[in-house]
Protein chains: 2
Amino acid sequence: MTRSKTRGTRERRAERAERILDSAAELVLRIGYDKTTIDDVARRSAVAKGTIYLHWRNREALFTALLRRERLAALTRVRELVGADSAPASLGRFCAHLALAYHERPLLMATVLGDHEILGRLARSEPAGRTGPAGSGFAEYLEALRGAGLVRTDWTVGAQVNVVTSVLAGFFTSAPLMPAELAVPAPDLAPILGETVERALAPAAPFTPDQRADLARHTADFLDRAVDISARKYSATFEQTA
Amino acid sequence: MTRSKTRGTRERRAERAERILDSAAELVLRIGYDKTTIDDVARRSAVAKGTIYLHWRNREALFTALLRRERLAALTRVRELVGADSAPASLGRFCAHLALAYHERPLLMATVLGDHEILGRLARSEPAGRTGPAGSGFAEYLEALRGAGLVRTDWTVGAQVNVVTSVLAGFFTSAPLMPAELAVPAPDLAPILGETVERALAPAAPFTPDQRADLARHTADFLDRAVDISARKYSATFEQTA
DNA sequence: AATTGACCAAATACAAGCATCTGGTCATTT
DNA sequence: AAATGACCAGATGCTTGTATTTGGTCAATT
């Protein structure tokens, strides 16, 4: 039985990859993508440079992995927050958790805000990822909620996706620019903006217990799917081919 | 009576200033602030370079004037739109008009978005003006509406300012990044986001005719004041001293 | 009195050559 | 089989010197 030994090796390998990404994250946040060299990352992770190339095809793949890991971590955290929420499930609570999970992660914030200081040339090459969760089947999720009578149908799905995206984008971009006397701490503001989405999209009539359960299930499903896709994308960055 | 002659001279002077700003605007939008030279502006306006310095102290003042004129124009347009609106007065309609008025003006959009391509060094030196209407007494306006029972008081004014600012900021930043299949034209989206603000801030009970009138008056007053301040600021850019 | 545009100092852009750094490889070591 | 780090070519940055551009002025012109 080589089982335990094999698992141990694989585990250590994965651990090392995480360690390397941790170093990369710290360096990028401190000195920016452009100035972060593979040598720096290697030294900080206490591995040789060649070892890094055992994990990723090249520099670009390393940083792609970093960003995708970050996204995965945020989505996982959202799922956790949604699951542990003491308040009844609602689209607004979901949005609040999503906003906070992103907000907690400086690297994700940098991508959402298109921070040139941190992203450097990365900002120019990949202006995507700035629409937040607009991709990844959010429209389909809303569509399902509409079908179940859990979201109004007075606006088109497209419009509703835009509302959610706008509110979230506004949270990320405008909150940091607020003059001190009007600033509201992010943990306070997020639920308020969540409630804003709620009031815009939720039906007038209060939910029945069944509807609540339905909503929770749909949301959990959506998050499971999103986490799954995100995890796959993260894993894919380790592939050496292509 | 030198009246008509004097007025004619002053008028022509003002006209010329506008012409110069028009040229500056066009050039900035086409080639960016950094590359737009006073010579260019002069040539395009068919005046000598020295003439420009008869209007403004220096280059900086010229472009400050340009931005302030733009803001003034937008606010004036909002006042016009609000006044001519066939729908009953509401905070939501107000926000929708505000959003559209800004959206129609590429230079304002550039400042709101912090567009480095267009603003060049200006983006770094003046990161303000990105909070939209957060300044200029918007909080006081909301406060007045709260006092009159025209806006809920379940949240603090600060929170409400943040909601409005976020929704507007989200409109500006996220709409242009939307994938084509989810994109909603700005003229359609603005009222929807206005309604989003409305649902978040308006009281549950419908307004009485008196309340409607009150709301309209408050809004008109606020806009008058904002336009007035903006006009003063614009005028101030022409001063040669300091 | 208003307007012009030649003029100037300072800033900016460009070029060339040189030094350093960095992504990526791979023979060697563990 | 896994990990290393010396090594290399190309990219990046730096320095110095030069050419061009540009903001701003002001004597001459209208």
Side-chain angles (χ1 to χ4, degrees), chain A residues 2 4-21 23-24 27-28 30-66 120-122 124-125 237-242, chain B residues 2 5-21 23-24 27-28 31-66 120-122 124-125 237-242:
Chain A
T2 63
S4 74
K5 207 171 194 175
T6 304
R7 233 196 38 159
T9 316
R10 273 195 199 151
E11 223 166 57
R12 290 171 137 267
R13 215 184 125 86
E15 252 172 46
R16 188 176 58 187
E18 298 284 322
R19 233 176 53 230
I20 292 170
L21 290 179
S23 308
L27 287 167
V28 167
R30 216 177 50 222
I31 62 177
Y33 171 80
D34 285 349
K35 299 197 174 183
T36 300
T37 72
I38 299 286
D39 269 307
D40 286 342
V41 176
R43 202 168 318 123
R44 227 197 143 63
S45 321
V47 298
K49 185 154 55 153
T51 307
I52 290 186
Y53 288 89
L54 295 176
H55 287 281
W56 296 278
R57 204 179 332 119
N58 54 25
R59 184 180 133 103
E60 200 194 330
L62 166 65
F63 289 101
T64 303
L66 179 55
R121 351 174 72 85
L122 215 52
R124 272 154 273 250
S125 62
T237 57
F238 292 96
E239 248 110 81
Q240 292 291 342
T241 52
Chain B
T2 63
K5 207 171 194 177
T6 304
R7 235 198 36 160
T9 315
R10 275 193 196 152
E11 223 166 57
R12 289 170 138 267
R13 217 185 124 85
E15 252 172 45
R16 188 175 58 187
E18 299 282 323
R19 232 175 55 227
I20 292 170
L21 290 179
S23 308
L27 286 167
V28 167
I31 62 177
Y33 171 79
D34 285 350
K35 300 198 172 182
T36 300
T37 73
I38 298 286
D39 270 305
D40 286 341
V41 177
R43 201 167 318 123
R44 231 199 140 61
S45 322
V47 298
K49 184 156 54 153
T51 305
I52 289 185
Y53 288 88
L54 295 175
H55 286 281
W56 297 278
R57 206 180 329 119
N58 53 26
R59 183 180 133 103
E60 201 193 331
L62 166 65
F63 288 102
T64 303
L66 179 55
R121 350 175 71 87
L122 258 190
R124 271 153 274 248
S125 62
T237 56
F238 292 96
E239 249 110 80
Q240 292 292 340
T241 53

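By convention in this document, chain letters (A, B, ...) are assigned in the order of the sequence lines, proteins followed by strands, and residues within each chain are numbered from 1.
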S.K.: Could I get the full list of ring pair (Phe, Tyr, Trp, His ring centres under 6.0 Å) partners for B:Phe63, not counting sequence neighbours?
M.R.: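 Scan of B:Phe63 (ring pair (Phe, Tyr, Trp, His ring centres under 6.0 Å), adjacent residues dropped) gives B:Tyr33.
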
S.K.: Looking at the side chain of B:Thr37, which of D:dT4, C:dT4, D:dT22 is the nearest nucleotide?
M.R.: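 Out of D:dT4, C:dT4, D:dT22, the nucleotide with an atom closest to B:Thr37's side chain is D:dT22.
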
S.K.: Would you kindly give the CD1-to-P distance between A:Ile31 and C:dC21, to the nearest whole Å?
M.R.: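 A:Ile31 atom CD1 is separated from C:dC21 atom P by 14 Å.
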
S.K.: Output all residues satisfying side chain to side chain contact (heavy atoms under 4.5 Å, CB included) with A:Ser23, sequence neighbours left out; order by chain, then residue number.
M.R.: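 With sequence neighbours excluded, A:Ser23 shows a side chain to side chain contact (heavy atoms under 4.5 Å, CB included) to A:Val41, A:Arg44, A:Ser45, given in chain and number order.
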
S.K.: For B:Ala61, check side chain to side chain contact (heavy atoms under 4.5 Å, CB included) against everything at least two apart and list the hits.
M.R.: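 In terms of side chain to side chain contact (heavy atoms under 4.5 Å, CB included), with neighbours along the sequence ignored, B:Ala61 is linked to B:Trp56, B:Arg57, B:Asn58.
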
S.K.: Applying salt bridge (Lys or Arg N to Asp or Glu O under 4.0 Å), name anything that partners A:Lys49, two or more places apart in sequence or on another chain.
M.R.: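 Partners of A:Lys49 by the salt bridge (Lys or Arg N to Asp or Glu O under 4.0 Å) criterion, ordered by chain and then number, come out as A:Asp39.
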
S.K.: Kindly indicate whether the side chain of B:Arg16, heavy atoms from C-beta on, has any atom under 4.5 Å from the side chain of B:Arg19.
M.R.: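 Contact flag for B:Arg16/B:Arg19 side chains = yes.
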
S.K.: Of the non-hydrogen atoms in B:Ile20 and B:His55, which two are nearest, and what is the gap between them?
M.R.: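 Heavy-atom minimum between the residues: CD1-CD2, 3.9 Å.
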
S.K.: Quick one: closest heavy-atom pair of B:Val28 and B:Leu66, and the distance?
M.R.: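 Closest heavy-atom pair between B:Val28 and B:Leu66: CG2-CD2, 4.4 Å.
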
S.K.: Just compare D:dG23, C:dG5, C:dT22 and give me whichever is closest to any side-chain atom of B:Ala48.
M.R.: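 Selected nucleotide (nearest to the side chain): C:dG5.
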
S.K.: If you take all heavy atoms of A:Arg121 and A:Asp34, which pair is closest and at what distance?
M.R.: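 Looking at all heavy atoms of both residues, the closest pair is CG-OD1, 2.6 Å.
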
S.K.: Once rounded to the nearest 0.5 Å, what's the spacing between atom OG1 of A:Thr37 and atom CZ of A:Arg59?
M.R.: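 The OG1 atom of A:Thr37 sits 8.0 Å away from the CZ atom of A:Arg59.
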
S.K.: Round to a whole Å and report the spacing from OH of A:Tyr33 to C1' of C:dT22.
M.R.: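 It is 12 Å, rounded to the nearest whole Å.
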
S.K.: Would you list the protein and nucleotides 24-27 of chain C atom pairs, both N or O, that sit under 3.5 Å from each other?
M.R.:
unit_1	atom_1	unit_2	atom_2	d
C:dG24	OP2	A:Tyr53	OH	3.2
C:dG24	OP2	A:Arg59	N	2.6
C:dG24	N7	A:Lys49	NZ	3.2
C:dG24	O6	A:Lys49	NZ	2.5

S.K.: Starting at atom CD of B:Glu15, determine the distance to atom P of C:dT3, rounded to an integer number of angstrom.
M.R.: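 Spelled out: CD on B:Glu15 to P on C:dT3 is 13 Å.
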
S.K.: Which nucleotide wins on minimum distance to the side chain of B:Arg121, given the candidates D:dT22, C:dT3, C:dT12?
M.R.: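 Nearest to the side chain of B:Arg121 among the choices is C:dT12.
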
S.K.: Nearest whole angstrom, please: distance from the C1' of C:dT4 to the NE2 of B:His55.
M.R.: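 From B:His55 NE2 to C:dT4 C1': 13 Å.
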
S.K.: Quick check on the helix from C:dA1-D:dT30 to C:dT30-D:dA1: what's the angle between its two end axes, five base pairs per end, to the nearest 10°?
M.R.: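 It works out to 30° between the end axes.
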
S.K.: Let me know the distance between CG of B:Leu54 and P of C:dG5, rounded to the nearest Å.
M.R.: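 In whole Å, C:dG5 P lies 13 Å from B:Leu54 CG.
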
S.K.: Let me know the distance between CZ of B:Arg12 and C1' of C:dT3, rounded to the nearest Å.
M.R.: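 It is 13 Å, rounded to the nearest whole Å.
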
S.K.: Does a nitrogen or oxygen in the side chain of B:Thr51 sit under 4.0 Å from OP1 or OP2 of C:dT4?
M.R.: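 B:Thr51 to C:dT4 OP1/OP2: side-chain N or O found under 4.0 Å.
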
S.K.: Whole-Å distance between C:dT22 P and A:Phe63 CZ?
M.R.: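 So the CZ-P distance, A:Phe63 to C:dT22, works out to 12 Å.
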
S.K.: Rounded to whole Å, how long is the line connecting atom CG of A:Asp34 with atom P of C:dC21?
M.R.: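 It works out to 17 Å between those atoms.
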
S.K.: What is the nucleic acid contact for B:Arg16, judged by heavy atoms within less than 4.0 Å: base, sugar-phosphate only, or nothing?
M.R.: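 Answer is sugar-phosphate: B:Arg16 comes under 4.0 Å of backbone atoms only.
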
S.K.: For D:dA2, take OP1 and OP2 only and decide whether either is under 4.0 Å from a side-chain N or O of A:Arg13.
M.R.: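 No, A:Arg13 has no side-chain N/O under 4.0 Å of OP1/OP2 on D:dA2.
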
